[in-house]
Engineer: 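Below is the structure I would like to discuss, written out as structure tokens.
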Amino acid sequence: MKGLINAIAIGLTLAAGLSARAIEIVITEGWDSPTRIAVVPFGGPPLRDQPGPVAPLDLAGIVSFDLVRSGQFDALPSDNMLSLPTVAEDVYFRDWRILGMDYVVIGGAEILPDARIAVTYRLFEVASEREVISTTWTAPGAQLRDVAHWIADEIYEEITGVRGAFATKIAYVLVRNPNASDSSYELTVADADGERERVVYRSGEPILSPSWSPDGRRLAYVSFETGRSTIVVQELATGARRRVAEYPGINGAPVFSPDGTQLAMALSRDGNSEIYVKDLETDVLRRITRRPSAIDTEPGWGPEGKSLIFTSDRAGQPQIYRIDLATSLPDRLTFQGDYNARARLLPDGRHLVYVHRSNGVYHIAWQDLERDVVRVLTETSLDESPSLAPNGMMMIYATQLQGRGILAVVSVDSRVKYNLPSGLGDVREPAWSPFMTVDAQTLASRAVTAR
Amino acid sequence: MSALREYAGPVLLALLLHGAIAAALVRGWQPDTDDMPRLVQPRIIEASILVMDRPAPRPPLPSARPDPVPTPAEPEPEPVKPEPKPEPPPRPDPDIERRAQEEAARQRRLRELAEQSMAQAIESEAADLAEAAADAQTMTYMDAINRAIVAQWSRPPSARNDMKARFRVELVPSGELLGVMLLETSGNVAFDRSAEIAIRKASPFEMPPDHDVFEAHFRRFTLLFNPQDLLR
Amino acid sequence: MTDPISILDLIKGASPLVQAVMLLLAVASVVSWVLIFQRWFALNRVQREIDDFEDEFWSGIDLNELKAELDGQEDNLTGIESVFVAGFGEYGRLSGQADTDPDAVMQNVQRAMRVALTREEERLGRHLPFLATVGSTSPYVGLFGTVWGIMNSFRSLANMTQATLAAVAPGISEALIATAMGLFAAIPAVIGYNRFASRVEGMMKRYEAFADELASILHRVAHANAPSAA
């Protein structure tokens, strides 16, 4: 009897299985919104990255702020958390689901006997209640901020699939007393979040156009220390400076090639401004553009150093051109508006950001070269000097706020815009550093404990 | 009384007319309702698959089959009729009667087979029709699932148009998620994860009240994530 | 769920108000058809009678004889006959009196015939106002039933957690039956009304023409008799 019932059940299941046409639902759209993440304050003793009576460092706060700043994340303030777990056993996913979180980060730090600090964090995905990544970083106390940025980088890359650019630096020029006779110019390097400012060169004469070498160890910039424009390359670690271009006329807009061996620049030694490339090892100078009738300036490198983009007024107004270094054939890239200048290519070589003037107002525009779509990213005016984060997701630029020069950051999807904190004075000419490899930062070690 | 004479005819006629129209309407609608149960019933007979497991009861099937489906079987002799045409040639030959009998037997068998296949065809047709009716319902709920997931799916910036990630989803009748399995990766871990999160956040799904439809389509189905609306 | 709903189920499932509207419309439809048939037969009969009477009238028959023929069946006079009887009877009554002015006689004859014409017009056009009313109002009544039914089905939808088409479709379907019935009642009524109205108008023209002819004949007779009387 039981066997018969079983047989019937199997038969019915079989029949149902046969009659069922497997359906497939195709999802072609999404509702892109910031990923919701909770970075729970890390456990462990209070940590300081500097000696003396300074406030302890909130690692989770730095991580959280980094992620929010990218525009891809929405972080839960710690005040709104229902619990503050520091170990995996205390994570109640139901609570986090109620709070609408997609991910939760917990962590803790301990001070090792050799005074180094070990920071361990775990990233959980709430929906599937799984641990996604777990890592322990060990670093001296002075590098605690770096550790926080590295953690943010790892979380960012894990969730977005794009390499994080939080543990990077920015260089900019700070002008003190801009309109006075004793104005001074300070070339400054800071963390990407604006913290830990450090002046690397100070001068009474203007400093322009800082540019990072691809390894992040050198800066090239234009200095007027000799009374006329000079291109200088400076080692950040040692402060050693080298003048690489002191030609008659203007020496401007230096940019390191992607391999770091060449410097593209604009020189007017032959009458008007033309684009040159100088090999830093052999000191050989090569002229790229030959248009005596037009000003060609503000070079930028294409991917792998095979092409250059530059600004030229050969068509009557400034527009962006690209020249292939092998064939020396230029082609025009921008056609919208009567002023497009100071272009930078994204690492994918397909997207371009540049200063775009519309209705007399200067904005930063973003252009897809393949689909020829132009979007204006910024809402401020007098925007200048766009510089891209190495992962191509964020852009820093200089703008004016209440008559004062400040730095602002915008995500290339223009979802997030914020201003960087800065001290007194005008801030100009920002340059975002390339990725800084962890090894280059010394001393820190990283151990992936689970994945 | 003259009024009676005057109006009796018209009243009769009007009532007849309305009666005819009402009958036509009811009759005209009825066939749909009549057909459906008749066509659905064979689907229940699908338990015959069970019987097929045993080889012995098979022969009775052809004779048993036409009985439950007499009306649909009616039109079928027509397509079969042309077949007897080859019959006449043997008949004029009286010398080989045995052959004629054999031939007749063969014909009968052929017809039986034809009837059987016809009955089967009707059965599968019926199943198709029943499914078509259920399809509308299925589409409604597929659409609901689609919308629920779209509302939850936040693509990572590394997502590109035409990436494809395919998941198998298993549900319980209440629409709660039983399991999600990645069948085909897009090659981008973040993309795959965003899709899985969207599925989990969109659950529980709205499920059809009809248990058969659930069993047929929603107990287990696949989801293909293939964005088309991204900027890059 | 897979069972299609029969029209009877739909009607049964409708709300009482919608059912009342449907009943009203069904009754209106039946009655208007009754009247259409009745008018159809009646007008055909009248048409035949007019033809017959005119044939007879113009066949040269003596009018007094014709009058005498009709006198026997006064209850059963057809339209045109009653016009004739009214006119000729009035003439006969007045002309039989002494010293009557032929013009006064003719005036009375014409008045009598006009009265008969009006009565006949009323008889011919009987029930047509009802058809006109059904034709113009039943679509609105049906629409009212539909709107009410749809209102109800949407209101019940509001109480549901899952709003599927299947949940509202039967309600809308049954509500729409009311409109269908309204149209079903209205269309024949409108057609019938227009058709019959024009036929009645045509017949009235023939009546009037006949009345004029009769009046002119009587006029001639009256004036022919008058001198001798005077």
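The sequence lines fix the lettering, A, B, ..., with proteins before strands; numbering per chain opens at 1.
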Engineer: Does any heavy atom of chain B fall under 4.5 Å from the side chain of C:Leu35, the backbone, both, or neither of them?
Structural biologist: side chain

Engineer: Identify which part of C:Ser32 has an atom lying under 4.5 Å from any heavy atom of chain B, answering side chain, backbone, both or neither.
Structural biologist: neither

Engineer: Once rounded to the nearest 0.5 Å, what's the spacing between atom CZ of B:Phe218 and atom CD of B:Glu206?
Structural biologist: 10.5 Å

Engineer: Once you measure the plane-to-plane angle for C:Phe37 and C:Phe41, does it fall in the parallel (<30°), tilted (30-60°) or perpendicular (>60°) bin?
Structural biologist: parallel

Engineer: If a pair satisfies ring-ring contact (aromatic ring centres under 6.0 Å, His included) and one of its residues is in residues 177-209 of chain C, list it, with sequence neighbours excluded.
Structural biologist: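 Every pair satisfying ring-ring contact (aromatic ring centres under 6.0 Å, His included) with a residue in residues 177-209 of chain C: B:His18-C:Phe184.
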
Engineer: With respect to chain C, which residue among B:Ala144, B:Ala22, B:Pro10 yields the maximal number of heavy-atom pairs within a distance under 4.5 Å?
Structural biologist: B:Pro10

Engineer: Strictly below 4.0 Å, N to O, side chains only: are C:Arg123 and C:Glu120 in salt-bridge contact?
Structural biologist: yes

Engineer: Between B:Leu13 and chain C, which part of the residue has a heavy atom less than 4.5 Å away: side chain, backbone, both or neither?
Structural biologist: both

Engineer: Give, as side chain, backbone, both or neither, the part of B:Ile21 having an atom under 4.5 angstrom from any heavy atom of chain C.
Structural biologist: side chain

Engineer: Is the shortest heavy-atom distance from the side chain of C:Arg206 to the side chain of C:Glu54 under 4.5 Å?
Structural biologist: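 SC-SC contact between C:Arg206 and C:Glu54 confirmed.
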
